[in-house]
Undergrad: 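After the structure tokens below, expect a handful of questions from me.
Per chain, numbering begins at 1; letters A, B, ... match sequence-line order. What you see is a predicted model; the values in this text were computed from it and never measured.
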Protein chains: 4
Amino acid sequence: MKKEIKGIIPPLTTPFGENEALDTDNLQANIRKLCEFPLAGFLVLGSNGELVMLSESECTQVLHAARAAIPKDRIMLAGTGCQSTGATIALTQQAARAGADAALVLNPSYYKGQMSKDVLVSHYHRVADASQIPVLIYNMPSNTGLDMTADTILEIASHPNIIGLKDSGGNLAKMGNITGAAGKDFRVLAGSAGFLLPALSIGASGGILALANIAPEQCCAIYDGFFTGKLEDAKAMQQRMIRANALVTRQWGVPALKAAMDMLGFYGGPCRKPLQAISQKEENILKETLQASGILPS
Amino acid sequence: MKKEIKGIIPPLTTPFGENEALDTDNLQANIRKLCEFPLAGFLVLGSNGELVMLSESECTQVLHAARAAIPKDRIMLAGTGCQSTGATIALTQQAARAGADAALVLNPSYYKGQMSKDVLVSHYHRVADASQIPVLIYNMPSNTGLDMTADTILEIASHPNIIGLKDSGGNLAKMGNITGAAGKDFRVLAGSAGFLLPALSIGASGGILALANIAPEQCCAIYDGFFTGKLEDAKAMQQRMIRANALVTRQWGVPALKAAMDMLGFYGGPCRKPLQAISQKEENILKETLQASGILPS
Amino acid sequence: MKKEIKGIIPPLTTPFGENEALDTDNLQANIRKLCEFPLAGFLVLGSNGELVMLSESECTQVLHAARAAIPKDRIMLAGTGCQSTGATIALTQQAARAGADAALVLNPSYYKGQMSKDVLVSHYHRVADASQIPVLIYNMPSNTGLDMTADTILEIASHPNIIGLKDSGGNLAKMGNITGAAGKDFRVLAGSAGFLLPALSIGASGGILALANIAPEQCCAIYDGFFTGKLEDAKAMQQRMIRANALVTRQWGVPALKAAMDMLGFYGGPCRKPLQAISQKEENILKETLQASGILPS
Amino acid sequence: MKKEIKGIIPPLTTPFGENEALDTDNLQANIRKLCEFPLAGFLVLGSNGELVMLSESECTQVLHAARAAIPKDRIMLAGTGCQSTGATIALTQQAARAGADAALVLNPSYYKGQMSKDVLVSHYHRVADASQIPVLIYNMPSNTGLDMTADTILEIASHPNIIGLKDSGGNLAKMGNITGAAGKDFRVLAGSAGFLLPALSIGASGGILALANIAPEQCCAIYDGFFTGKLEDAKAMQQRMIRANALVTRQWGVPALKAAMDMLGFYGGPCRKPLQAISQKEENILKETLQASGILPS
């Protein structure tokens, strides 16, 4: 059964214990708690999952542990983008074997000057050719330093095994260009809760949202509000989420997201170095912001 | 009578004739033709009005010619942002005397390194203190190279004579932050037709849109569609406008906008140098794009 | 007599008195004091001269006052770059009439997306055609947000009335490309004292340096050291100037330069708003830095 | 015997054969040919060595093969920067065991927003603490999207096991700040042949230069010319190298460098995908440029 990619999907963090050791038990515990909410599925090995900090064998462990905990009726996405086409294919195939429903492939970006449209299209099409599972494009300029254009994305999207896009850039004109020009079955997902409602308004199918790890109910409320015609409610909730979202994404990143998870009864724990825990002062601001937005009880 | 700032407002181009001479007759003729559409009003002396190409006395002529042609029940906005606070105040007061309903003030940006929050807040508050008419903030990072933050904008907005914002940056999370946190009477206007519908979804009151010079009906249809609950129609129209909008804004700029005006029966004419007419090849692409989007009959 | 453009040239600040009134007396007093040093000449109406803050008639006053004070055997350059080609030509011709030896023309940059190589080349060639005095190109990406490429600059430089370049960007590979490829008579001037010696090493003929307003002796020492084979001395002096230079340019800008002038017995005075005086704390750091670098006696 | 880090050092490419298989034989052959020139040493596993394309075990093979071919009296540097502190330490220790003289550590950059001064200083100090061999900082903003400031670099440099810096950013004012402020034994190396001479003029000790793979003689001539007082010769050679250098670095990257190696009798061969061979047209331009600069005989 092929699952439709839509709805709200949290990009899971990867829990670490003492000495930064991988802790898949808490990964599974987090998944189980999040399953109490009407989330469409989960992403593992994304930016919030600290993929770039994991060894090859740790990736395998995460994939299998996650699939074991994610119910069959929920989507499991796996981040599989590496700098080389070969490594990307290898990790994508591993994700498929582990039972992921689709792969989310961040574009290579180290050799920025050489990442022309042709190079990117070839890369994605080779990966899609070699992958047993459908592939989603992942555009994330704030981390990669590269912003793929609508034309590049649309040409990548012409491959039958490429079924969607997560875009974290927040360029809504580009997103509207893509939702308007791509085929009906091509799914576009907001890459940040900061612009979920605007993205839905222009044709997005959902979002892969760091904030959904700590505010699953609120993110789903924006999504449901939009599709059930409660626009004013959706707008009010969207406005209320923006500051909290900014703190756990661009501003303070994964360390803040994990700190918020700890506040909310999930397992956050430490990041791998060089990432450092947020300061006590930042923690206080984070707490106040989560309370002000209704994510954390006052 | 103070007019509410909402709806669709085209930023008028400034017509030039032979030898780049100012042609206010055609400015008035364009306004009269545009008045056939349900536009809320007009902006003169904006970026599309080539303000930076006009002498002080030409600004005065444009202000008076425009007010004479703009009916009293439509808004007249005037772009009055200069690099110095003093010149900005002088031009704002001149706009007030000429009958503008409000001033749209682009932030100074030449001394980028010195444009701190404090400097920008002081600048805007001095202008607002000295202005007989309400002031709107104008944030346009693609031309100024500076992107004012939500915090800066919200602090500027605390002044009672500052009533709104035009934001051309397209950061919808920032826009949602501002619509959520500013007072109820603070109006946020989309600065580009590329993201009009997403902006409305998050609380914008309308848009000041270059595209509204050539597609007033379509821009108004997106606006009306959103506020009358025809979301699917609004979305389809929004998607159809994006490519045409890109050509007459970021990609080919005012020369393309003026070329499109000429195609559509308005007076476009030449820009002042160094701006050059678009090439024949670009003109062909522009024409095809306008036809594909339904702006120009096939 | 045509003067060769080489050596150290300070870009003069424009003094203002009470209520931001233009004060040409102090402009002349500053020039006279600076003439005690072996400076090759002076630039008026540059970025440090707050050109963008001056009215048309104030520009005329500055040009005439400066020429009256600058000895005939020293170069007088005038900044004449405006956003329109027409205004640039007008100001350039005015500078010629006032006795400037050459014009320094900053590229137009407001319509960034349209400033293609062709547009820039045409602009400069029209200005050079219409100018009675030689023209120097001015590339200053930190203020304009545009960095003209070596190819663009070299094509502009092919005009017989375009005799040189001031480059503030600090890309030494580009500078070496230009000094190597342009004709022997094309003069390249460093646009910041931060990289004067590296620029000389790759073929520059001197520098137009904000720091030369407050450290004329030191800037000349780097220049003389390089051309008289005292490389170690030049290097030591260059290293000592970098921190002080950063404060009065990129970091705190013209307000810091004027504050430093006041400390050193020149007339600095206030900037025009929105520029604000540096804080007391910044003034203390500035003073310490000037002392540490030997510009100000301890 | 601790070797002083100075002089000209090529960052070696990693040869691949059919199916992108690692080819250490040709790596060794290239090293042997380059040893005919007065190069100070070699870097393996740098950006030009496609480190981000190599598996963990391939890194080990490269390290051992290189050390076997590099004479004991020449420096062997190894690029060991990974995204996590743990992986960076592991690779650095492996490089030490393989006999590298020092490690060149590129800063982590994936989580750009979190790479504060504190985070970067802690990262480098942990690596330096754990490393048996000295560590050099590597700043390369064009690939990482992050430009470490002089203050950050100087604080990192305070660690006794951190002995130098390769800076590819080309900000010569920053470089002069660092050479002036760091201790006498801290070595600064130019990261690109485009600004080698300017860097030497301000206190650099040499360069780690992609161009040195194909123009070792010319790069050494600039270095020797500077230190033997033949400044005019050094300048002329520096100017002649800039265009060729641009093609094999920023403009066309490693594929162009490998193509040039093939033209010059070294083993270039293919890059790993997604990097693609340069086009025939680009190859022609590259050949002409190499001939024009005297690197390739006409």
Undergrad: When heavy-atom pairs shorter than 4.5 Å are enumerated against chain B, which of A181(A), A246(A), G180(A), S201(A) gives the highest number?
TA: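 The answer is S201(A).
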Undergrad: Report, as yes or no, whether the 6.0 Å neighbourhood of atom NZ on K112(A) holds more than 12 heavy atoms from other residues, nucleotides or ligands.
TA: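 More than 12 heavy atoms, drawn from other residues, nucleotides or ligands, come within 6.0 Å of this atom.
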Undergrad: Answer with side chain, backbone, both or neither: which region of L231(A) has an atom nearer than 4.5 Å to a non-hydrogen atom of chain B?
TA: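 Contact with chain B involves the side chain of L231(A) alone.
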Undergrad: Please determine, among L197(B), I202(B), N245(B), N171(B), the option with the most heavy-atom pairs under 4.5 Å with chain A.
TA: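 The residue among L197(B), I202(B), N245(B), N171(B) with the greatest pair count is I202(B).
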Undergrad: Taking G203(A), A236(A), P198(A), A173(A) one by one, which has the highest count of heavy-atom pairs under 4.5 Å against chain B?
TA: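 It is P198(A).
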Undergrad: So, applying side-chain contact (heavy atoms from CB on, under 4.5 Å) with L172(B), which one of L172(A), I242(A), L196(A) is it?
TA: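 Exactly one option meets the side-chain contact (heavy atoms from CB on, under 4.5 Å) with L172(B), and it is L172(A).
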Undergrad: For E217(A), is the CD atom crowded, meaning more than 12 foreign heavy atoms sit under 6.0 Å from it?
TA: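 Check fails, neighbour count at 12 or below.
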Undergrad: Q239(A) versus N177(B): any side-chain heavy-atom pair under 4.5 Å?
TA: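 The answer is no, as the side chains (C-beta and beyond) never meet within the 4.5 Å cut-off.
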